[in-house]
Peer 1: 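Below: one structure in C-alpha cells.
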Protein chains: 2
Amino acid sequence: MGKVSEKKREKQDTLFVGSLEKGLRVMSAFSAHRTELGLMEIAEITGMDKSAAQRFTNTLHRTGYLEKDAETRRFRPSLRFLELAAAYLWSDPFVQLAMPKLIEFSRSIGERVNAARPAGSDIIYVIRIPTQLTSFSAMLIGKRVQALSSSSGRIIVAHFDEERRRDALANWPIDRVTPKTVTDRALLAKEVEEAAARGYGIAVDQNIINEIGISAPVFNQAGEVAGTVQCSVSHLKWPLERVHAEIAPRLMEIANSIILPR
Amino acid sequence: MGKVSEKKREKQDTLFVGSLEKGLRVMSAFSAHRTELGLMEIAEITGMDKSAAQRFTNTLHRTGYLEKDAETRRFRPSLRFLELAAAYLWSDPFVQLAMPKLIEFSRSIGERVNAARPAGSDIIYVIRIPTQLTSFSAMLIGKRVQALSSSSGRIIVAHFDEERRRDALANWPIDRVTPKTVTDRALLAKEVEEAAARGYGIAVDQNIINEIGISAPVFNQAGEVAGTVQCSVSHLKWPLERVHAEIAPRLMEIANSIILPR
DNA sequence: TTAAAGCGTATTATTATATGATACTTTGTA
DNA sequence: TACAAAGTATCATATAATAATACGCTTTAA
C-alpha cells in the first residue's frame with residue numbers, strides 16, 4: 001500500500017529520477033555488517049529483482065564505485081566512496097573550524113577527541129582523532145550512533161524547545177548497546193535535563209563499557225545545536241569529578257570559540 | 001567523436017543505466033574547490049543541460065544526498081557522503097588491520113601517521129591520524145594525491161615490474177605543487193630506484209614545504225603493493241638521518257606485520 | 001557420479017520513464 | 001525600475017530502463 005502510493009508520487013513527479021534513487025539504494029546497502037555482497041543479497045536488501053540488481057550493480061562497477069571480486073563475483077565499496085567523504089569534509093565549515101582546535105586539544109589531553117553532527121534521531125561523527133586503542137567502530141568517520149545513547153545526542157536534545165524535546169524523548173529509538181545503556185525514557189529525560197543545566201552532555205558506559213563521553217554544543221546563527229565537540233575517556237583512568245573539572249570546561253571553551261556562518 | 005562512440009557503447013549495453021551514471025557525476029562534481037554549487041554550475045561541470053541538472057539535483061536532494069540552502073538555492077554534499085565512507089572503511093581489511101598499529105605508532109612517535117591506497121596514477125589516503133597542526137587537506141581522509149609526488153606513490157611504483165614502472169614514470173601526471181616538487185622525470189626515476197633499493201619511499205618538500213613523507217609498502221598475496229603506511233614529519237624537527245634511522249625501520253616493521261587476505 | 005538448486009550472466013520485446021524544449025517565476029544587479 | 005540570470009514547472013515524445021526468460025557455471029546433496 002505504502003509502496004503503491006510511493007510509486008504513484010514518483011510517477012507523477014518528472015523531476016524525480018527513479019533509477020538514480022535505486023542506484024543510491026544499492027550503494028547504501030553496504031554497511032558495517034554488509035561489507036561484501038553478492039548479486040542476490042543486494043537484490044534482497046534493496047528490494048529489487050535480480051535484473052535490476054544486475055543493472056545497477058554493473059553500472060556502479062563500470063563507473064568505479066564498486067569493486068568486484070573476480071572469483072567470488074561479490075561486490076565491495078571502492079575508494080570512490082572515500083573521495084565523496086573528502087568532498088563533504090571540504091564543504092562543512094564546522095569541520096574546518098573545529099579540526100585544528102581538536103587536534104590541539106587531543107595533543108594536550110592525550111585522549112580520543114571527536115566531532116559530530118546531528119542527523120535525525122542519530123548523530124554522525126565527522127571528526128575522529130584516535131589516540132588510545134579502542135574498538136574499530138570508535139575510530140570511524142561517518143559512523144552513525146543513536147543520539148539518546150551518546151553524550152552528543154543528549155546535549156543536542158537538551159537544547160531543543162519543549163515540544164521537540166518531548167517528542168525526541170518519547171519516540172527516538174534507544175536500542176540496548178551495552179548492558180548499561182539507559183533504555184528507560186524517564187531516566188533519559190533526567191539525563192537530558194542535567195545536560196541542559198550543565199551545558200554539556202555526558203554518557204557513561206552507553207556505547208562502550210568503561211567509556212565516558214563528554215560533549216559540548218556548537219551553535220549556528222539560528223541558535224540551534226549544529227554540532228558537538230566530544231571527548232571519550234576511560235572511566236578507570238578518569239573519575240567523574242576529574243572529567244567535570246578538567247575536560248568539560250575545556251570542551252566548552254573550544255565549542256564556544258567556534259563561530260559557524262549563516 | 002569520443003563522445004559518440006561512448007554513447008553508442010552505452011546504448012548497446014542494456015546493463016548500463018545512464019541515469020545512475022549521471023547522478024554520480026553530479027555527486028562527484030563537489031570537491032575541494034567546489035564545495036557549494038548552484039544549478040547552472042552543476043550543469044556546466046557535469047556537461048548536462050539545465051533540465052538534466054535540475055532532475056538529478058532534485059533527486060539527490062529528495063533522497064538526502066544533497067543539502068539545499070533555502071536562500072541561495074545552492075547545493076552542498078550531505079552527511080550521507082560520510083556514511084558511504086564508513087561503509088568503505090568497514091569493507092577494507094587493510095584499514096582494519098593497519099588502524100591499531102598506526103594509532104600505537106602515532107602515540108609513540110607523536111607525528112602525523114597515515115595509510116594510503118593506490119588509485120590509478122594517484123594515491124588516496126584511507127587513514128589519517130593528525131597529531132601536529134598542518135594544512136586542512138593533510139588531515140583529510142579520501143584525499144587524492146598524485147602518486148609520483150608522494151612517498152607512498154614512489155614506493156608503489158618502485159615495486160612495479162619493469163614495464164609498468166617505465167610507463168608510470170613516463171606518463172603519470174606530475175603537476176608542480178610546491179616550488180620543490182620534482183617534475184623532472186629522470187630525477188623522479190632516480191627517486192623511485194632509490195626507494196626500490198631502500199625498501200621504503202621518501203618525499204621531501206613535495207606537497208608541503210618542510211615536510212618529509214616516509215612510506216613503507218604493504219603487499220597483498222599476489223605480491224603487489226596494496227597499500228602503504230606513512231608518516232609525515234617536519235624537516236626542521238627531523239633531519240634526514242634521523243628519519244632513516246628512527247622512523248623508516250619502524251614503519252617497515254609495521255608494514256611487514258600487516259598480512260592482507262587473498 | 002549424477003541431479004538439483006542457487007547464483008551470476010546474457011538477450012529480448014515492451015512500455016514506462018527519462019528526456020530536453022519551452023515557458024514561467026524569482027532573485028539580484030545595473 | 002528594468003533587465004539579465006538563475007531557478008522552477010509543465011509537457012509531448014521516443015529513448016533508455018525494464019523484467020521476463022533462458023543459459024551456463026559452481027556448489028551441495030543424493
Side-chain angles (χ1 to χ4, degrees), chain A residues 3-27 29-30 34-63 65-76 262, chain B residues 3-27 29-30 34-63 65-76 262:
Chain A
K3 215 165 195 177
V4 171
S5 67
E6 206 177 58
K7 205 162 199 173
K8 207 172 178 184
R9 180 161 51 75
E10 286 175 16
K11 220 177 257 180
Q12 288 170 339
D13 188 352
T14 67
L15 293 183
F16 191 86
V17 181
S19 302
L20 172 52
E21 185 272 337
K22 284 177 203 146
L24 295 170
R25 234 153 67 205
V26 171
M27 286 203 264
F30 295 87
R34 332 223 93 142
T35 59
E36 202 189 53
L37 297 171
L39 192 62
M40 296 306 283
E41 289 172 284
I42 290 176
E44 200 196 333
I45 294 169
T46 59
M48 300 176 185
D49 60 25
K50 190 164 67 162
S51 294
Q54 183 187 192
R55 261 176 285 122
F56 292 111
T57 259
N58 181 265
T59 305
L60 288 169
H61 178 48
R62 297 219 344 223
T63 50
Y65 282 84
L66 289 183
E67 303 286 1
K68 184 172 189 175
D69 187 305
E71 289 180 34
T72 65
R73 274 102 209 268
R74 291 161 72 78
F75 296 93
R76 288 189 302 111
R262 103 186 48 173
Chain B
K3 215 164 196 179
V4 171
S5 66
E6 208 178 55
K7 203 160 199 175
K8 205 171 179 185
R9 179 161 51 76
E10 288 174 15
K11 219 177 257 181
Q12 288 170 339
D13 188 350
T14 67
L15 293 182
F16 190 86
V17 181
S19 303
L20 173 53
E21 185 271 337
K22 283 174 204 149
L24 296 170
R25 234 153 68 205
V26 171
M27 285 204 267
F30 295 88
R34 331 224 94 142
T35 59
E36 202 187 53
L37 297 171
L39 191 61
M40 296 306 284
E41 288 172 286
I42 291 176
E44 201 197 331
I45 295 168
T46 58
M48 301 176 185
D49 60 24
K50 189 164 69 159
S51 294
Q54 183 187 191
R55 259 176 284 121
F56 291 112
T57 258
N58 180 265
T59 304
L60 289 169
H61 178 49
R62 297 223 340 227
T63 51
Y65 282 84
L66 289 183
E67 303 286 0
K68 183 174 189 175
D69 187 306
E71 288 180 36
T72 66
R73 276 103 207 266
R74 290 162 71 78
F75 297 93
R76 289 189 300 112
R262 98 189 52 175

Peer 1: Return the set of residues passing side chain to side chain contact (heavy atoms under 4.5 Å, CB included) with A/T35 (not counting sequence neighbours), or none when no residue passes.
Peer 2: B/W90, B/S91
Peer 1: Rounded off to whole Å, could you give me the NZ-to-P distance for the B/K22 and D/dT15 pair?
Peer 2: 13 Å
Peer 1: Sequence neighbours left out, what passes salt bridge (Lys or Arg N to Asp or Glu O under 4.0 Å) with B/D49? Give chain and number order.
Peer 2: none
Peer 1: Any side-chain heavy-atom pair from A/D69 and A/R76 closer than 4.5 angstrom?
Peer 2: no
Peer 1: When the distance from CE of A/M48 to C1' of D/dA19 is rounded to whole Å, what number comes out?
Peer 2: 13 Å
Peer 1: Can you measure B/E36 atom CD to D/dA6 atom P for me and round it to whole angstrom units?
Peer 2: 15 Å
Peer 1: Give the minimum heavy-atom separation between B/F56 and B/V26, together with the two atoms involved.
Peer 2: CB-CG2, 3.9 Å
Peer 1: Strictly below 4.0 Å: does B/S19 bring a side-chain N or O up to OP1 or OP2 of C/dT19?
Peer 2: yes
Peer 1: Using the side-chain hydrogen bond (donor to acceptor under 3.5 Å, both in side chains) criterion, which residues pair with B/R25? Sequence neighbours excluded.
Peer 2: B/E21
Peer 1: Is there a side-chain contact between B/L60 and B/M27, using heavy atoms and a 4.5 Å cut-off?
Peer 2: yes
Peer 1: Between the protein and nucleotides 7-12 of chain D, are there any N/O to N/O pairs under 3.5 Å, and if so, what are the atom names and distances?
Peer 2:
| residue | atom | partner | partner atom | Å |
| --- | --- | --- | --- | --- |
| D/dG7 | OP1 | B/L39 | N | 2.9 |
| D/dG7 | OP2 | B/L39 | N | 3.3 |
| D/dG7 | OP2 | B/M40 | N | 2.8 |
| D/dG7 | N7 | B/K50 | NZ | 3.3 |
| D/dG7 | O6 | B/K50 | NZ | 3.1 |
| D/dT8 | OP1 | B/K68 | NZ | 2.9 |
| D/dT8 | OP2 | B/K68 | NZ | 3.2 |
| D/dT8 | O4 | B/K50 | NZ | 3.4 |
| D/dA9 | N7 | B/Q54 | OE1 | 3.0 |
| D/dC11 | N4 | A/T14 | OG1 | 3.2 |

Peer 1: Holding to salt bridge (Lys or Arg N to Asp or Glu O under 4.0 Å), I want the full list of residues that pass it with B/R34, two or more places apart in sequence or in another chain.
Peer 2: none
Peer 1: CZ of A/R55 versus C1' of C/dA18: gap in Å, rounded?
Peer 2: 14 Å
Peer 1: What is the separation between atom CD1 on A/I42 and atom P on C/dT9, rounded to the nearest whole Å?
Peer 2: 11 Å
Peer 1: Return the value, rounded to whole Å, for the distance between atom CD of A/E21 and atom C1' of D/dA17.
Peer 2: 15 Å
Peer 1: Would you kindly give the CZ-to-C1' distance between B/F56 and C/dG20, to the nearest whole Å?
Peer 2: 12 Å
Peer 1: Hey, what bend do you get for the helix from C/dT17-D/dA14 to C/dA30-D/dT1 if you fit axes on five pairs at each end, rounded to 10°?
Peer 2: 0°
Peer 1: Only counting residues at least two apart or in another chain, list the ones meeting salt bridge (Lys or Arg N to Asp or Glu O under 4.0 Å) with A/E41.
Peer 2: A/R74
Peer 1: Whole angstrom is fine here: how far is it from CZ in B/F16 over to P in C/dT9?
Peer 2: 17 Å
